[in-house]
Structures are given as C-alpha cells and as structure tokens.
Amino acid sequence: MLEIQQLRTDLDTVTRQLAKRGYAFPTEAFNALEAERKTIQTQTQELQAQRNAASKKIGNAKSKGEDVSAIMAEVAHLGDALKQAETQLEQIQNSLQKILLEVPNLPHDSVPEGKNEEHNQQIRRWGEPRQFDFAIKDHVSIGEGLGLLDFETAAKLSGARFSLMKGGLARLHRALAQFMLDTHTQEHGYMEAYVPYLVNRESLRGTGQLPKFEEDLFAVNAGGAENSTANNSPAFHLIPTAEVPITNMVRDEIVPLQSLPLKYVAHTPCFRSEAGSYGRDTRGLIRQHQFDKVELVHIVHPDQSYAALEQLVGHAEKILQKLVLPYRVMALCTGDMGFSAAKTYDIEVWLPAQNTYREISSCSNCEAFQARRMQARFRNENGKPALLHTLNGSGLAVGRTLVAVLENYQNADGSVSIPEVLRPYMNSLDQLGRTGGE
RNA sequence: GGAGAGAUGGCCGAGUGGUCGAAGGCGCUCCCCUGCUAAGGGAGUAUAGGCACAAAAAGCUUAUCGAGGGUUCGAAUCCCUCUCUCUCCGCCA
C-alpha cells in the first residue's frame, strides 16, 4: 500500500512511477473521491464536535443538579444528520481504501525500465554450463527413467500439476531442503521458523496477495462447512509462499530497535492455483500446485533495506554455488516485478535440457509497502514508531533446484550423481541409479 | 464438544453511564540534589487521521480501552455477535 499523503500531495510523480510498471492509476476517480471525502469528513467531524461539546455540558449540568432539558433539545436534531454523514464518510473511505489496496508498489529508481521479462537486466553470471558428450534428457525422462518420478499416479491422486517422488529422489528432495536450511541458519545467521500453512485473510492482505490475487490461491473450509464465516469467505487460505506467515509475524507489532534486523528462514510447501498459466510449463516439476520452498525474510530498518537486499540475494546464490549449479542474477525491469516489490532480483539456474536459464529464486525489497498494510513498525532512534522495511526471497525453490540437479548432474547411463554437499544428507550415497538409491 | 474466567497504554494494573485518552506503579527521557555508588525530588512519556499552512512548529478537531454492531444527548463501563487467551472435563495425532 502506498502512503495516501503521497497520493494527495504528489499524485503526478506517483502516476508516472506506476505507469513505468504498466499500471494506470485511476486519477479521476481518486480525485473525485478525495474531494468528496474532504467535504464530508470536515462536516462529520464538525457535527461530532458539536455533539461532544453538548454532551459534556449535559454531564456538567447534571452533576450540579441543574435542569438539562434545554441542552438536550439543542442536540436532539443532530442525531440523524450525524448518522447520515458518518455512513457517507465510511462509504467514501471504503472506496478509497479499495483503490489503495489494489495499487502496486512504486519501483525504486535503480530498477531498469521495461515492459516485460525481455527487458530484465543481467547483473552477473556464475559458473559455466557443462558440455555433455551424450544426448541429454530432461528431468522428467531422468526421473521416470529411474522409476522414481511418477506423474501418472500423482494425477490419479490429485490431478494435473501434482507430482509423486519416491525412494532416492524423494530423499534427494528432502536433502536439498535440509541443506538449504542448515546453510542459512549456520552460515548466514537466520532464525529457523516453523509456520502455519493455513493463514487468515488479514495475513494475506498484509503481504499483498489479497484483495487483488485471490484467484491465485487455494481456499479451505472446515470439514462439512460450505462457508465457515458469515461473510461468505473461506476460513483459511493455503500459503502460496512462506513469505506470508513469516512476514506477518510482525503485523501490528512495534519491534524494538535493538532487535533489528530480523532474519527468518522457513521450509514450507507452497500452494498456488496457477490460474492464468494454462498451457505453460505443463511438463515436469517446474510449475506445480504444490511445491516446497525454503524462504528467507528480512525485517529491517528502512536505512538498511537495500544493503539487506544484496545480502539476501547473496545468501540464495551461495546455495547454487555450493551445489555447483551455473546461474545468472537478473534485475527485473519495472514491467516484470511483482505487486509488492520496489526492486527484485531473480536468480536463474541453468537447465541444460531447456538450454536456458530458469527462475529458481526471486528476491525483493518491498520497502514499507507491506509494513504499511500490516502496521509493522519499530521504535526509531527518537523513540517514535516508524514503518519497517520487509524483504523476502527464495533460498531456494526446492523442486526447481531438484530439476537443476537432475539435469546438470545426469550421466550417460541415466544415473544422476549426487552433488558433494548433499552426500552427508544422503547417507554418503554418490549417485542415484536404477536401484533407486536406497 | 461441555462448563467457567478473562482481553485496558511499552509492561503491570485500577476503572460498572458524564470533567476518562484513561488513576497508580514499572520502564524510558530530561532536569535537580547528594563526593562516588545506592537512594531521593521534579517534569515529560499512546497511535492514526482531518482542517489550516509554501513547509515545520504551535493550534483547532476526530477516532481508537480485543474486533464488529446496538442502546444513549453521552459508552472502557450496558446489550448482541465474533475472535483470541486461560482453567476444568471429554475427545484426539
């Protein structure tokens, strides 16, 4: 959410910034509502002030035992006018709020301007794609060839965009998550968190998924209940990312200055409806309704958030370096960034079978955008509450990392070597072969 | 699932219809005093808005005592609904 004061005082800059992302701010509607708001609010508050003053007089007079009927008569007519004004004001405020909640964050000045992913900027590259001297397979063929990856059964159990892993592959998946968690907690100073996978609407509004992106989420009700709440909304939503529960830990909190920065890491499944992505990445593990991710979140002092973003990306990159997987870091352009982000780096890992780099992590500084929605604050140097900055990034998407390992570490005989750093998590196994690795 | 108790500022806690944005304490900030330390004295100390202003300060004003609704000229206080916490019983991975 943007600051409403900024919209009132500097709407031109805001609309120009938003236009860079391809977002057309509804200027006329906003200005009209604002003008109305101003009138009605002043009027409402005047009426309230009158009522309060009269009520005070009545109280005073009564305590002295004086007659109050004269003052009572004075106030009698206020009731209806006041109620009407209050109702009207509330409607206007709601409309304004609705507009505000759907406006994306302003891009940071350093963000390259552009329409779509073609205008993203490469920041750096690490590692060299391996040269294969045999015909390579994609991760689906590799996994199915080993008898450890089974989309057909997954489809029977649940449907499209679900997967079933078995044996050494399931273990490799688990090993990746463990390895990531251990690296971040032991080497990068993160506090590990175990968080709810079902969250309420307030949390989703806090991080920006609601109200605009409801169709991307899965909703759940308690057993047997069609709708668990009176206003027709589901009891819970499944988290689309651990960013939601972790970041919302500080919702409605005032964090002491000395406890900043907060750095959390959590390994969770993520659930996404993938509405609007029909036909994209239908093959394999790349785009699933359910996937695991190790998520990194920083809650920081506003002065520190851009330094924190660089750190965060570095922490995610470290995982790929340890796994010796080639990647590149991209600065997303204005048109390709997510709703809440002021600046985003994507990390893209090399996938030999696709002969290209594919997103495996997205690291964003949301500045105060989420904090303002959440009322997440800290007590600043002057002892005053001020909004925090929030950042999040994948460190990394586990399923996609598994894809990268399978494809980059495949051997001519269909087996897959286990990256060095994962072997301690694999009972010292050094490759997945036809035996299933167990 | 059943029965009961509760939710007040950074924290503890008083407050059952009027001068309560809220006593008192703790904490914190500033000042004074004492040779140091300890103790003591004084002052201050919620948040988000609106108006006005070039802007800041000051000012005027509104809202907020778990959330939402209601009663009333007036609600922390009375009524209703919900959420959460705690205790006891039952069930349960």
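For clarity, every value in this text was computed on a predicted model and none was experimentally measured. So that the names make sense, note that chain A is the first sequence line, chain B the second, and so on, each numbered from 1. Only heavy atoms go into these numbers, but all of them, side chains included; no hydrogens, no water, no symmetry mates.
- Of all nucleotides listed (G49(B), A52(B), G74(B)), A52(B) comes nearest to the side chain of K38(A).
- Nucleic acid contact for K57(A): none, since no nucleic acid atom lies under 4.0 Å from a heavy atom of the residue.
- Comparing the P positions of G21(B) and U45(B) gives a spacing of 16 Å, expressed to the nearest Å.
- Both Q5(A) and K83(A) lie close to RNA chain B; mapped to their nearest nucleotides by heavy-atom distance, the more 5′-ward contact belongs to Q5(A).
- Annotation for R283(A) and S141(A): closest pair NH2-OG, 3.3 Å, computed over non-hydrogen atoms.
- The base of G74(B) has none of its N or O atoms less than 3.5 Å from a complementary donor or acceptor on the side chain of Q48(A).
- For the residue pair L204(A) and P240(A), the shortest heavy atom distance occurs at CD2-CD, 4.2 Å.
- Salt bridge annotation for K83(A)-E86(A): absent, with no cationic side-chain nitrogen under 4.0 angstrom from a carboxylate oxygen.
- C11(B) and C73(B) have their P atoms separated by 36 Å, given to the nearest Å.
- Of the P atoms belonging to C20(B) and A76(B), the separation is 12 Å, rounded to the nearest Å.
- Among the heavy atoms of the strands, none lies under 4.0 Å from E86(A).
- U47(B) sits 24 Å from A52(B) when the P atoms are compared, rounded to a whole Å.
- In RNA chain B, runs of at least 3 consecutive Watson-Crick or G-U pairs, each pair with both distances below 3.5 Å, span B:1-7 with B:83-89, B:10-12 with B:24-26, B:27-32 with B:40-45, B:46-51 with B:59-64, B:66-70 with B:78-82.
- For the pair L320(A) and I360(A), the tightest heavy-atom approach, listed with the atom from each and the gap, is CD1-CG2, 4.0 Å.
- Counting only residues at least two apart or on different chains, the ring pair (Phe, Tyr, Trp, His ring centres under 6.0 Å) pairs with a member in residues 294-318 of chain A are H108(A)-Y306(A), H188(A)-H315(A), Y190(A)-H298(A), Y190(A)-H315(A), H301(A)-F378(A).
- Comparing C73(B), C51(B), G10(B) by their nearest atom to the side chain of T42(A) picks out C51(B).
- Going from the P atom of G10(B) to that of G69(B) covers 23 Å, rounded to whole Å.
- Between L82(A) and K384(A), it is K384(A) whose nearest contact on RNA chain B lies nearer the 5' terminus.
- Of the listed nucleotides (U47(B), C51(B), C73(B)), U47(B) has the atom at the smallest distance from the side chain of R377(A).
- A distance below 6.0 Å separates the ring centres of F339(A) and F369(A).
- Checking G74(B), U47(B), U61(B) against every side-chain atom of A49(A), the shortest atom distance belongs to U61(B).
- P256(A) comes within 4.0 angstrom of nothing in the nucleic acid, heavy atoms only.
- Under a cut-off of 6.0 angstrom, the local environment of NZ in K318(A) is sparse, with at most 12 non-hydrogen atoms contributed by other residues, nucleotides or ligands.
- Using atom C1' as the reference point in both A75(B) and U19(B), the two lie 15 Å apart (nearest Å).
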